[in-house]
Number of protein chains: 2
Amino acid sequence: MTAVDRAGGCPGEGNRPVDGRRARGDRRRAEIIEATLAVVTRDGAAGVTHRSVAQQAGITTSLSTYYFATLDDLLVAALCSVADEYTSRIRRLVDGPVQDRLRGLAELIVESGGPGRQRALAERELSTMAARRPALGPVARHWREGVVELASTLTDDPQAVAALVAVADGLCTAVLIDDVPADTGYVLGVLARAMGTPHPDRHP
Amino acid sequence: MTAVDRAGGCPGEGNRPVDGRRARGDRRRAEIIEATLAVVTRDGAAGVTHRSVAQQAGITTSLSTYYFATLDDLLVAALCSVADEYTSRIRRLVDGPVQDRLRGLAELIVESGGPGRQRALAERELSTMAARRPALGPVARHWREGVVELASTLTDDPQAVAALVAVADGLCTAVLIDDVPADTGYVLGVLARAMGTPHPDRHP
DNA sequence: CGGATACTTGAACGATCTCACAACTTGAAT
DNA sequence: ATTCAAGTTGTGAGATCGTTCAAGTATCCG
């Protein structure tokens, strides 16, 4: 059995690694994913090669292919990892107090333009490649589903939910691509507006 | 003089090619850009190489480098081209009747999920790489500026403008990544909501 | 007609990458 | 202790890529 046989689905994590060897293997796998994200952060998704990742992780090239047979597997795993990170943060917001949810989302967005810019850029890049591989669609959708869940706790209007998801995503892009001033109050205002009462002149 | 010397800025288009040779050259350049977009559409931005583009265009590899010395130049030109296309369509909406503007924007978004899906995906991919190359920022921002202009003709509230831009972008992503049903009425509803009156509880 | 200029081609160099493979090491299990 | 699986390494074959270059062709200008 090889390591790649265990690297299948990205939810995984359900195994019980009583075996010390496998425990070390899982640690290695995590290291490699971390290194991959570092490379994507530094050089973009195009800079991800078995060699660059291996060098970043301080291992040999062959070891990288041992855990992730193909480069695609590596990128998939990286996308899964970063997606999990974001969705877990959103879910933490959902579990928190009501009045902090929208503000928490706003802070998350603002953070994408500040310290977490490179990381957010990496996620966007990986998500974009996901659009080209049907198998990755669900992974890329996870973040949006989290926002949907958050929005659903604030309103019953499905249109308001859709608007919040869209505007959150658009704001993320704005602070990422444009140099939109990343002010939490400002972002919060736009978010709140998107969820506001439906426009009186339109009910299609 | 080489061809690349004339391939500088992307607005260009101001020359008067009385010279038949240069006219042919300009035609070639356009063909190569078209081929580049075809490659991005088919294989993604990562699939763009001088060789793949040349094959797609039915020319030799050297000719591709003759017009675009470096691969970056080629990608820049391709992004410029597709960005121009979108912005011109938006500007056409701005010049049209008021009541058609928001609906026209909605149709543009819906189209991104339908027939123009591949093309929209290509633009998103190119825009994303633009975030990593400062020189391309202005080009990638063009589309957003177009939407800003459109929104400015519909409201004076800067927050409403920001919300519309963000929600338009987010909806584009939604129909691109998710399998959100591409219904013009639905999209129009969300757009209108985002521009709606500010939420009464918040004025930061 | 005769340069000068723009376009076009084919070949090639050097660099890099993916992926495969066999050998070696470490830890677990019986 | 022995046996076997998991982890790890070095090497390299095969392919692709970016870019350069010298040589060739078409077109314009005088």
Side-chain angles (χ1 to χ4, degrees), chain A residues 1-8 12 15-33 35-36 39-40 42-78, chain B residues 1-8 12 15-33 35-36 39-40 42-78 129 133:
Chain A
M1 182 200 249
T2 68
V4 302
D5 294 330
R6 277 189 289 124
N15 307 13
R16 213 156 286 284
V18 286
D19 193 328
R21 294 173 300 180
R22 298 203 167 189
R24 191 155 54 109
D26 288 344
R27 229 176 303 136
R28 264 277 193 261
R29 202 189 323 276
E31 281 176 28
I32 294 175
I33 290 177
T36 303
V39 171
V40 176
R42 176 161 37 85
D43 303 325
V48 173
T49 70
H50 272 141
R51 284 179 158 76
S52 63
V53 169
Q55 183 177 7
Q56 175 74 32
I59 58 176
T60 57
T61 305
S62 344
L63 195 52
S64 177
T65 72
Y66 173 71
Y67 283 101
F68 303 96
T70 161
L71 216 57
D72 265 22
D73 295 344
L74 190 52
L75 289 169
V76 169
Chain B
M1 181 198 248
T2 68
V4 302
D5 294 330
R6 280 190 288 122
N15 305 14
R16 210 157 288 284
V18 286
D19 193 328
R21 295 171 298 182
R22 297 202 168 189
R24 192 154 52 108
D26 288 344
R27 229 176 303 135
R28 264 276 193 265
R29 201 189 323 277
E31 281 176 28
I32 294 176
I33 290 177
T36 303
V39 171
V40 175
R42 177 162 38 85
D43 303 326
V48 174
T49 70
H50 271 144
R51 287 178 162 81
S52 65
V53 168
Q55 183 178 8
Q56 174 75 30
I59 58 176
T60 56
T61 305
S62 352
L63 197 51
S64 177
T65 72
Y66 172 71
Y67 284 100
F68 303 96
T70 161
L71 213 57
D72 265 21
D73 294 344
L74 190 53
L75 290 169
V76 168
M129 41 187 328
R133 314 174 193 227

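Below, chain A is the first sequence line, B the second, and so on; all start at residue 1.
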Taking D/dT20, C/dA6, D/dG18 as options, the one with an atom nearest any side-chain atom of B/T65 is D/dT20
note: B/Y66, atom OH; D/dA26, atom C1'; distance rounded to Å ~ 12 Å
What one should report as the nearest heavy-atom pair of B/H50 and B/T65 is ND1-CG2, 3.3 Å
Separation of D/dG7 atom P from A/E31 atom CD, nearest Å, is 13 Å
From CG of B/L63 across to C1' of C/dC7 the rounded distance in Å is 7 Å
* Phosphate OP1/OP2 of D/dG7 contacted by A/R27 side-chain N/O (<4.0 Å) -> no
Please determine whether any donor N or O and acceptor N or O are separated by less than 3.5 Å between the side chain of A/R28 and the base of D/dG7.
no
Is atom CD of A/Q55 surrounded by more than 12 heavy atoms (other residues, nucleotides or ligands) closer than 6.0 Å? no
Exercise for the section: Check whether any side-chain heavy atom of A/T70 lies under 4.5 Å from a side-chain heavy atom of A/D73, and answer yes or no. Expected result: yes
Practice problem: Return no unless some side-chain N or O of A/Y67 is found under 4.0 Å from OP1 or OP2 of D/dA6. | Solution: no
A/Q55 atom CD is separated from C/dC17 atom C1', nearest whole Å, by 14 Å
Picking from C/dC19, D/dT19, D/dG7, the nucleotide nearest the side-chain atoms of B/T70 would be D/dT19
Which of C/dA12, D/dT8, C/dC17 is nearest the side chain of A/T49? It is C/dC17
| said: Tell me whether B/S52 contacts the main-chain N or O of B/G47 through its side chain, where contact means a donor paired with an acceptor under 3.5 Å. | reply: yes
Whole-Å distance, A/D26 CG to C/dG27 C1', equals 15 Å
Here the distance between atom P of C/dC17 and atom CG of A/L74, to the nearest Å, is 14 Å
Quick one: the side chain of A/S62 and the base of D/dG10, do they pair up donor-acceptor inside 3.5 Å? yes
Rounded to whole Å, the CD1-P distance (B/I32 to C/dC7) equals 10 Å
Original post:
Which part of the nucleic acid does A/H50 contact within heavy-atom distance under 4.0 Å: base, sugar-phosphate only, or nothing?
Top reply: sugar-phosphate
Given the options B/T61, B/I33, B/T36, B/V53 meets side-chain contact (heavy atoms from CB on, under 4.5 Å) only with B/T36
Separation of D/dA5 atom P from A/R24 atom CZ, nearest Å, is 17 Å
